[in-house]
Amino acid sequence: MKFPMKSSTEISINSDKITVRHLSDNVRDIFYDNGFYLIFVTNGTIEFSSESGTADAGTDHLVILTPSMSAHICPNHKDTRTTVVNIAPNYFDSLPDGMLMYQQFAKYIGRNGLPLLRLLPENSHSIYSTVALFNEQLNNCQCYKTGILRHICSLLLLQIAETLHSYEEESTVCLRHSDEIFRKFKQMAHEHYSSHHDIAFYANRLNISTTYLSRIVKRTSGRTVHAHISELLMAEAKRLLESTDMDIKAIADRLGFSDQSTFGKFFSRSLGTSPHKFRLKK
């Protein structure tokens, strides 16, 4: 039996702006994808389903989703409450402590399969206290809003990294050189994906070989350099097709494709339909 969500709060963080949304009580299930999500179950239980499998998550459980993952959340109890922190991927990549948490998360996923963990009693209270610091009143700060927000995000990510680390007795909390290279690659990709689609550009900027960069990105994220860049290109292409009246040739030019035909083939390979048909469906 499906129950409505008693109370679900979603906190969205994008650059230096916070948006807090309270979902209505009649919401019975939610689908999350294309973002970095921290889903805290603060009361009751949920059914969590993803490509990795299905599991029940109870009070003080945390679901972590990266942009390449998706999940379906359904309440199992009438008093279920969740708090969701949604950090925009490009903002997450700019946080100095994001990669440290990602490193611990990748190890945890490698051992456990599901992106689901139970917060330790000694850590849960402090983590929830940090989450409570995210509120729309921060948007009214005039001078130090950016710094305040970044520090709160870093504190939360480090607290979660500490919890993840506690599940790995022999893991190290030191950020390896390869992890730093991956973080810098992600930052550069967000800045240059529309003008540089080739791996050589990023390898040259990082003063390493294309082979070494390919190996680091694949080992760290499980995905290729091309997949990371394609994901950014597709997200922006869909946004431009959905929310602007730019013609397809102009979109192709803006995203750095040599011509409209090349863009169309890329889009069709990625989504299974042409840019024109995608726009008509919206």
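- Looking at every heavy atom in both residues, Ser268 comes nearest to Ser274 through OG-CA, 3.6 Å.
- Remark: the backbone N or O of Lys186 is not paired with any side-chain donor or acceptor of Tyr202 at under 3.5 angstrom.
- Put simply, the side chain of Leu117 does not reach to within 4.5 Å of the side chain of Ile160, judged on heavy atoms.
- When all heavy atoms of Ala57 and Leu116 are compared, the closest pair comes out as CB-CD1, 3.6 Å.
- Using a 4.5 Å cut-off between side-chain heavy atoms of Ile, Leu, Val, Met, Phe, Trp and Tyr, with links allowed through other members, Leu155 and Phe92 fall into different hydrophobic clusters.
- Summarising the geometry, atom OG1 belonging to Thr19 is positioned 8.0 Å from atom CG belonging to Asn14; distances are rounded to the nearest 0.5 Å.
- Taking the six-membered ring where the residue is Trp, Phe182 and Phe185 present tilted rings, their angle falling between 30° and 60°.
- Heavy-atom contacts from other residues, nucleotides or ligands closer than 6.0 Å to CG of Asn135 number more than 12.
- Annotation: side chain of Ser261 is in contact with side chain of Lys265 (closest heavy-atom distance under 4.5 Å).
- Between Ile73 and Phe48 the shortest side-chain heavy-atom distance falls below 4.5 Å.
- Asn43 approaches Thr59 most closely through the heavy-atom pair CA-OG1, 3.5 Å.
- Gly98 and Leu157 get closest at one heavy-atom pair: CA-CD1, 3.8 Å.
- Side-chain contact between Leu156 and Phe134 is present, with at least one heavy-atom pair separated by less than 4.5 Å.
- Residues Leu138 and Ile152 have side chains in contact (heavy-atom distance under 4.5 Å, counting atoms from C-beta outward).
- Smallest separation of non-hydrogen atoms from Tyr91 and Leu149: OH-CG, 3.7 Å.
- For His192 (side chain) and Met188 (main-chain N/O), no donor-acceptor pair under 3.5 Å exists by modelled atom type.
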Stepwise side chain to side chain contact (heavy atoms under 4.5 Å, CB included) test for Met234 and Phe266 = CA-CA 9 Å; Met234 277 300 300; Phe266 163 80; 3.7 Å; yes

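- Considering only heavy atoms from C-beta on, Ile127 stays 4.5 Å or farther from Leu62 through its side chain.
- With rounding to the nearest 0.5 angstrom, the CZ atom of Arg21 is 4.5 Å from the CD atom of Glu10.
- Thr80 places a side-chain N or O within donor-acceptor distance of the main-chain N or O of Thr45, the cut-off being under 3.5 Å.
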Would you sort out whether Phe36 and Val85 count as a side chain to side chain contact (heavy atoms under 4.5 Å, CB included), showing the intermediate values?
-> CA-CA 8 Å; Phe36 192 94; Val85 179; over 6 Å; no

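- Listed for the His72 side chain is no donor-acceptor partner under 3.5 Å among the backbone atoms of Glu47.
- More than 12 heavy atoms of other residues, nucleotides or ligands shown are found within 6.0 angstrom of CZ on Phe31.
- Taking CG of Asp93 as the reference point, atom NZ of Lys184 lies at 14.5 Å (rounded to 0.5 Å).
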Run the numbers on Ile199 and His226 for side chain to side chain contact (heavy atoms under 4.5 Å, CB included), then give the verdict.
-> CA-CA 7 Å; Ile199 185 174; His226 177 72; over 6 Å; no

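- Outside the 6.0 Å centre-distance limit, the rings of His228 and Tyr193 are not counted as a close aromatic pair.
- The backbone N or O of Ser94 lies less than 3.5 Å from a partner atom in the side chain of Arg150, making a donor-acceptor pair.
- Closest approach of Phe267 and Thr273 over heavy atoms only: CD2-O, 3.2 Å.
- With no hydrogens or angles considered, no side-chain donor-acceptor pair links Glu236 and Ser194 at under 3.5 Å.
- Aromatic ring orientation, Tyr128 versus Phe40: perpendicular (interplanar angle above 60°, classes split at 30° and 60°).
- Side chains of Arg215 and Thr211 form a contact here, defined as non-hydrogen atoms less than 4.5 Å apart.
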Might you work through the side chain to side chain contact (heavy atoms under 4.5 Å, CB included) test for Arg279 and Ile251, ending with a clear yes or no?
-> CA-CA 12 Å; Arg279 172 172 272 174; Ile251 293 175; 3.8 Å; yes

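- Inter-residue side-chain proximity for Leu271 and Lys238 is flagged as met; some heavy-atom pair is nearer than 4.5 Å.
- Considering CD1 of Ile148 and NE2 of His151, their distance stands at 9.5 Å, rounded to 0.5 Å.
- Rounding to the nearest 0.5 Å places OG1 of Thr244 at 7.0 Å from CZ of Arg239.
- Considering CG of Leu164 and CG of Asn123, their distance stands at 10.5 Å, rounded to 0.5 Å.
- Side-chain contact of Asn90 with His190: a donor-acceptor pair under 3.5 Å is absent, judged by distance alone.
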